[in-house]
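Keep in mind that this is a model prediction, so the values were computed, not measured. Excluded from the calculations below are hydrogen atoms, water molecules and symmetry mates; all remaining heavy atoms, backbone and side chain alike, are included.
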Amino acid sequence: MIAFVSGPVAALAPTTAVIEVGGIGMAVQCAPGTLAALRVGQEARLATSLVVREDSLTLYGFADDDERQVFELLQTASGVGPRLAQAMLATHTPDALRLAVATGDEKALTAVSGIGKKGAQKLLLELKDRLGEPVGARAPGQGTGPAVPASWRDQLQAALIGLGYAAREADEAVAAVAPQAEEALAAGGRAPVPQLLRAALQTLNRAR
C-alpha cells in the first residue's frame, strides 16, 4: 500500500494532482478542497489510499491521515465505492461525517450527490459503530463544536486559483455558477462543490 506521496506538484487538473516522486509523476485523485491547497511547483504531502480493480490502479489523495482513514471506513458500508466515499468527504469534513452518523442526521448525508433518503438511512445504520465519535468536537453542552467548513464560494475560488486562474477569472466563474448553488441551498441541501467546479471550468473555457 502507498501510504503517502511527497514531492513537488507537477500539474493540477479539476480532479487530479500530479506529484513528482523520485522522477515519476504520480497521478492522485483528490477532492476540490484538497486540490485548492496545492500549487504547481510547491512541495506537497498527501496521505493516499490505493484502490485496486481488475482493470485499474487508482491512487486517492487526502489532506491528512484522518481523511484517508474515514475514506477507507466509508467503503466498508455496502454500496459505497471510492468515488462515493470521496464525494462524501468533498461535501463534509471527517468530523462532520462522524457527527452526522452519531446523531442520525439523514439530511447531511442526502446533501451528498448520489445519496438518496433510503441510502442515507442505510448508511446511518451501517456506519454507526464504525466511524467513531467526532475527534475535534465535544459533546453538546461541553464547549464548542467542530470547525465550520469554508463556504462553497471560498472552496470554489481557492480551487480555481489553485488550477492557475487569476483571481478576477475565478470571481467571474463563481458568480456564473452562483444560481446553481443557490438552487441547491434553497432546496435544503448543500452547494455541490465538485459539480460547481466542473461548471465553473466550462464557463472559463467558453470565455477563452
Side-chain angles (χ1 to χ4, degrees), residues 14-15 29-37 49 60-64 66-137 139-140 144-160 162 173-203:
T15 61
Q29 296 287 316
C30 302
T34 303
L35 289 169
S49 179
Y60 289 84
F62 310 92
D64 54 39
D66 189 36
E67 276 193 9
R68 191 256 315 279
Q69 181 183 26
V70 171
F71 172 79
E72 293 173 348
L73 287 172
L74 289 172
Q75 292 176 74
T76 63
S78 58
V80 178
R83 290 186 182 279
L84 182 56
Q86 189 178 55
M88 293 172 76
L89 284 166
T91 305
H92 300 292
T93 64
D95 261 1
L97 284 172
R98 291 188 182 101
L99 189 60
V101 171
T103 59
D105 189 350
E106 227 176 80
K107 188 176 178 181
L109 294 188
T110 56
V112 179
S113 178
I115 299 180
K117 184 179 177 66
K118 288 185 178 180
Q121 293 172 343
K122 186 177 179 183
L123 285 172
L124 288 173
L125 286 173
E126 291 195 30
L127 294 172
K128 186 174 182 180
D129 299 319
R130 301 183 191 179
L131 293 187
E133 293 296 321
V135 297
T144 58
V148 177
S151 72
W152 70 266
R153 289 178 182 274
D154 292 339
Q155 291 182 54
L156 192 56
Q157 185 177 49
L160 291 169
V174 169
V177 301
Q180 293 176 241
E182 299 302 333
E183 184 179 347
L185 293 170
R190 293 172 180 260
V193 174
Q195 292 93 318
L196 292 172
L197 179 58
R198 286 193 290 270
L201 288 169
Q202 290 173 356
T203 298

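Looking only at side-chain heavy atoms (C-beta outward), Asp105 and Leu124 stay at 4.5 Å or farther from each other. For the pair Leu127 and Leu73, the minimum side-chain heavy-atom distance is 4.5 Å or more. Counting only heavy atoms from C-beta outward, the side chains of His92 and Val70 never approach each other to under 4.5 Å. For the pair Lys122 and Ser78, the minimum side-chain heavy-atom distance is below 4.5 Å. Residues Val112 and Leu84 meet the side-chain proximity criterion, which asks for heavy atoms closer than 4.5 Å.
Taken from OG1 in Thr110 to CD in Gln121, the straight-line distance is 10.0 Å, to the nearest 0.5 Å. Going from atom NZ of Lys117 over to atom CG of Leu109 covers 11.5 Å, rounded to the nearest 0.5 Å.
Across all non-hydrogen atoms, the minimal contact from Leu89 to Phe62 is CD1-CE2, 4.2 Å. Nearest heavy-atom pair, Ala31 versus Ala90, reported as atom, atom and distance to 0.1 Å: CB-CB, 3.9 Å. Shortest non-hydrogen contact noted between Leu123 and Ala77 is CD2-CB, 3.7 Å. Closest of all the heavy-atom pairs between Ala85 and Leu74 is O-CD1, 3.8 Å. Taking every heavy atom of both residues into account, Val177 and Leu196 meet most closely at O-CD2, 3.8 Å. Between Ile115 and Ala120, the closest heavy-atom pair is CG2-N, 3.7 Å.
Just one residue in the list Thr93, Thr103, Asp66 forms a side chain to side chain donor-acceptor pair (under 3.5 Å) with Arg98, and that residue is Asp66. Just one of Glu72, Glu67, Arg68 meets the side chain to side chain donor-acceptor pair (under 3.5 Å) condition when paired with Ser49; it is Glu72.
Side chain of Gln86 to backbone of Gln29: a donor-acceptor contact under 3.5 angstrom is found.
Annotation for Arg83: atom CZ does not count as buried by contact number, only 12 or fewer foreign heavy atoms lying within 6.0 Å.
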